[in-house]
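Just so we're clear, the structure is a prediction, and the values are computed from it rather than from any experiment.
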Amino acid sequence: MGLLGQRKTPLVGIDISSTAVKLLLLSQSAGRYRVEHYAVEPLPANAVAEKNIVETEAVGEAIKRALIQAGVKCKDAAVAVAGSAVIIKQITMPANLDENELEDQVQLEAGQYIPYPIEEVSLDFEVLGPVPGNDEMVSIMLAASRSENVELRVSALEMGGLIAKIVDVEAFAMENAFSLIAEQLSVPKGNLVALVDVGATMTTLNVLRDQRSIYTREQVFGGKQLTDEVMRRYGMSYEEAGQAKRQGGLPESYDVEVLEPFKEAMTQQISRLLQFFYAGSEFNRVDQLVLAGGCAAITGIADMIEEQLGVPTVIANPLANMSLSPRVKAQALQHDAPALMIACGLALRSFD
C-alpha cells in the first residue's frame with residue numbers, strides 16, 4: 001500500500017497524536033460538507049512519543065473507544081505519518097513513460113534519495129505536471145517512509161477495527177484541510193500564510209503560498225508542558241491535570257502564575273520557528289498566521305501572538321462552513337476544531 005492513494009467511498013480520518021486519537025467522518029451533498037461523526041479519545045501517557053507509536057495496543061483500544069463514542073459503522077480509514085518520518089523529494093522523469101514504466105523508473109531513482117535499504121521503505125509518488133519550459137519532462141513528488149512507521153499505524157487501526165485504505169503524510173493532510181480555511185481568509189494571491197500547529201509535544205510550522213506548502217519544520221514544544229506544570233504545582237495526576245485544563249476548576253492563581261507564562265513561551269516558540277524560516281529563505285515576513293492544534297483553544301493566545309509578532313492571527317476552524325449531523329455536539333466540536341486539521345485533511349480524502 002502506498003503513502004498517497006485515491007478512492008471514492010467514505011473514509012474515517014484518524015489522527016494519532018501524542019495524547020489523543022481524533023476521528024472525523026464527513027459527507028458531501030450539493031457541494032457542501034457535513035460532519036457526520038467525530039470523537040476525541042485520550043491516549044494513556046507515553047502510548048505515543050513525539051508522534052511515534054510506542055504501544056500499538058493502547059492506540060488500537062483508543063481507536064475502538066472513539067468509534068463507539070462517535071457511532072461510526074464505516075470500516076475504511078485514512079491515517080497519516082508525521083512529517084519527520086517522511087522523506088519528500090521532487091524529481092523529474094520523461095513525460096512519455098506509461099504508468100508501469102514510470103513506477104519502475106521511480107523505484108530505481110528512489111534509491112539515490114533514501115538513506116535506507118529500499119526494501120525497508122514504503123514509497124509512493126504523484127505526478128505534479130509538466131516541467132515549466134520542458135514539455136518532454138514531468139515533475140514528480142516522491143514520498144517515502146520507513147515501512148515500520150506505516151505498519152505501526154496500519155496495525156493500530158486494525159486493532160481498533162478499521163482498515164487503513166490510505167496512509168498520508170501529516171503535512172499534506174494539513175495542506176488539504178487548509179484549503180477550507182483559505183476560503184475564510186482574505187489573503188491575496190502570492191501572500192504567505194504560516195500555519196502553526198501546537199500539539200501536546202510537537203509544534204509544526206507549515207508556510208503556504210497559494211495553498212501549497214513551501215516550508216515545514218517541527219520542534220519539540222507543546223501543551224504537555226502546561227499539563228506537567230499543573231501536575232507539579234497542584235499535585236494532580238496526568239488525567240486530572242488534562243481534565244482541569246479543559247474544564248476549569250483550577251485555583252485563581254492559575255491564570256497569572258501558570259497560563260500566562262505558558263502563553264509567553266508558546267509565542268516565543270512560534271517566533272523562533274518563523275526566524276528559522278526567514279533565515280533560510282528570501283522572505284522576511286508572513287502575511288497571516290493561522291493557529292491550529294489543541295493549544296489554539298487557549299483563551300487570548302491569538303491576540304497575544306498578533307500583538308507580539310505583528311502578524312494578523314486567527315484560530316483555525318476547517319469545519320466552520322460545514323453543517324452538522326444531529327448526533328454531533330456543536331459546542332464540543334467548536335472547541336476541538338483547531339485540533340482537527342489533520343483528521344479533517346484525512347477525511348477529505350473520501351472525495352478525491
Side-chain angles (χ1 to χ4, degrees), residues 15 17 22 33 83 170-200 202-219 221-223 225-226 255 259-322 330-331 333-345 348:
D15 172 21
S17 74
K22 301 169 195 124
Y33 296 114
E170 286 186 359
F172 298 161
M174 278 281 212
E175 198 177 292
N176 217 5
F178 179 77
S179 62
L180 301 176
I181 291 174
E183 297 167 9
Q184 305 159 32
L185 299 173
S186 49
V187 178
K189 206 167 160 47
N191 276 18
L192 297 183
V193 178
L195 177 58
V196 183
D197 186 298
V198 188
M202 300 289 271
T203 295
T204 308
L205 166 66
N206 210 337
V207 181
L208 298 112
R209 190 181 199 179
D210 298 329
Q211 296 186 37
R212 297 295 295 202
S213 186
I214 61 165
Y215 176 89
T216 179
R217 187 182 176 103
E218 290 179 344
Q219 67 189 26
F221 174 83
Q225 294 182 7
L226 181 57
D255 277 9
L259 191 60
E260 280 304 307
F262 178 79
K263 283 158 71 172
E264 292 281 353
M266 183 168 150
T267 304
Q268 281 169 0
Q269 291 288 336
I270 293 169
S271 176
R272 268 187 63 194
L273 276 170
L274 288 170
Q275 294 310 321
F276 279 121
F277 166 62
Y278 301 145
S281 72
E282 76 264 38
F283 303 105
N284 59 9
R285 66 183 191 95
V286 292
D287 302 288
Q288 176 83 54
L289 200 144
V290 178
L291 201 55
C295 292
I298 294 172
T299 308
I301 188 64
D303 294 339
M304 180 184 277
I305 291 166
E306 181 163 330
E307 196 175 306
Q308 294 195 13
L309 305 189
V311 180
T313 302
V314 295
I315 305 294
N317 183 353
L319 315 173
N321 297 331
M322 297 187 187
Q331 201 177 343
L333 184 67
Q334 176 77 20
H335 179 270
D336 288 328
L340 293 173
M341 286 288 287
I342 291 169
C344 178
L348 287 172

Checklist entry - Gly345 and Ala177: which non-hydrogen atoms are nearest, and at how many Å? => result N-CB, 3.8 Å

Give the table of side-chain donor-acceptor pairs shorter than 3.5 Å for residues 268-275, with sequence neighbours excluded, one pair per line with atom names and distance.
residue: Gln269; atom: OE1; partner: Gln219; partner atom: NE2; Å: 2.4

Got a list of side-chain donor-acceptor pairs under 3.5 Å for residues 309-319, not counting sequence neighbours?
residue: Thr313; atom: OG1; partner: Val311; partner atom: O; Å: 2.8
residue: Asn317; atom: OD1; partner: Leu319; partner atom: N; Å: 2.9
residue: Asn317; atom: OD1; partner: Ala320; partner atom: N; Å: 3.2

Would you list the atom pairs, donor with acceptor, under 3.5 Å between side chains in residues 278-286 and any protein atom, with sequence neighbours excluded?
residue: Tyr278; atom: OH; partner: Val286; partner atom: N; Å: 3.3
residue: Ser281; atom: OG; partner: Phe277; partner atom: O; Å: 2.9
residue: Ser281; atom: OG; partner: Phe283; partner atom: N; Å: 3.2
residue: Arg285; atom: NH1; partner: Asp287; partner atom: OD1; Å: 2.7
residue: Arg285; atom: NH2; partner: Asp287; partner atom: OD1; Å: 3.1

Item to check | Sequence neighbours excluded, every pair satisfying side chain to side chain donor-acceptor pair (under 3.5 Å) that has a member inside residues 291-307 | outcome: none

Next on the checklist: Less than 4.5 Å apart, side chain to side chain, heavy atoms only: is that true for Met266 and Met304?
Outcome noted: no

Next on the checklist: So, taking the atom named CZ in Phe172 and the one named OG1 in Thr216, what distance separates them when rounded to the nearest 0.5 Å?
Outcome noted: 10.0 Å

Checklist entry - Looking at residues at least two apart in the chain, or sitting in another chain, which of them share a salt bridge (charged side-chain N to carboxylate O under 4.0 Å, His left out) with Asp15? => result Lys22

Checklist outcome for this item: Glu183 meets the side-chain contact (heavy atoms from CB on, under 4.5 Å) criterion, sequence neighbours left out, with Leu180, Asn321

Checklist entry - Who pairs with Gln334 by side-chain hydrogen bond (donor to acceptor under 3.5 Å, both in side chains), at least two apart in sequence or on another chain? => result none

Checklist outcome for this item: By side-chain contact (heavy atoms from CB on, under 4.5 Å), Gln225 pairs with (sequence neighbours left out) Phe221, Phe262

Checklist entry - Who pairs with Asn206 by side-chain hydrogen bond (donor to acceptor under 3.5 Å, both in side chains), at least two apart in sequence or on another chain? => result Ser213

Next on the checklist: Counting C-beta onward and ignoring hydrogens, is there a side-chain heavy-atom pair between Leu208 and Leu195 closer than 4.5 Å?
Outcome noted: yes

Checklist entry - Between Cys344 and Met322, is any pair of side-chain heavy atoms under 4.5 Å apart? => result yes

Item to check | Distance (rounded to the nearest 0.5 Å) between Ile298 CD1 and Glu260 CD | outcome: 10.0 Å

Checklist outcome for this item: Value for OG1 (Thr267) from CD1 (Ile305), rounded to nearest 0.5 Å, stands at 4.5 Å

Checklist entry - How would you list all residue pairs meeting ring-ring contact (aromatic ring centres under 6.0 Å, His included) that involve residues 294-315, not counting sequence neighbours? => result none

Checklist entry - Quick one: does Gln288's side chain get under 4.5 Å of Asn191's, heavy atoms only? => result no

Checklist entry - With sequence neighbours left out, what residues match Glu175 under salt bridge (charged side-chain N to carboxylate O under 4.0 Å, His left out)? => result Arg212

Item to check | Heavy-atom closest contact (Ala194 atom, Leu205 atom, distance) | outcome: CB-CD1, 3.8 Å

Item to check | Qualifying residue, where the test is side chain to side chain contact (heavy atoms under 4.5 Å, CB included) with Thr204 and the options are Arg217, Glu218, Met174, Met341 | outcome: Glu218

Checklist entry - If you round to the nearest 0.5 Å, how far is CG of Asp197 from CD1 of Ile342? => result 5.5 Å

Checklist entry - Who pairs with Gln211 by side-chain hydrogen bond (donor to acceptor under 3.5 Å, both in side chains), at least two apart in sequence or on another chain? => result none

Checklist entry - Val187 pairs by side chain to side chain contact (heavy atoms under 4.5 Å, CB included) with which of Val193, Leu192, Val290? => result Val193

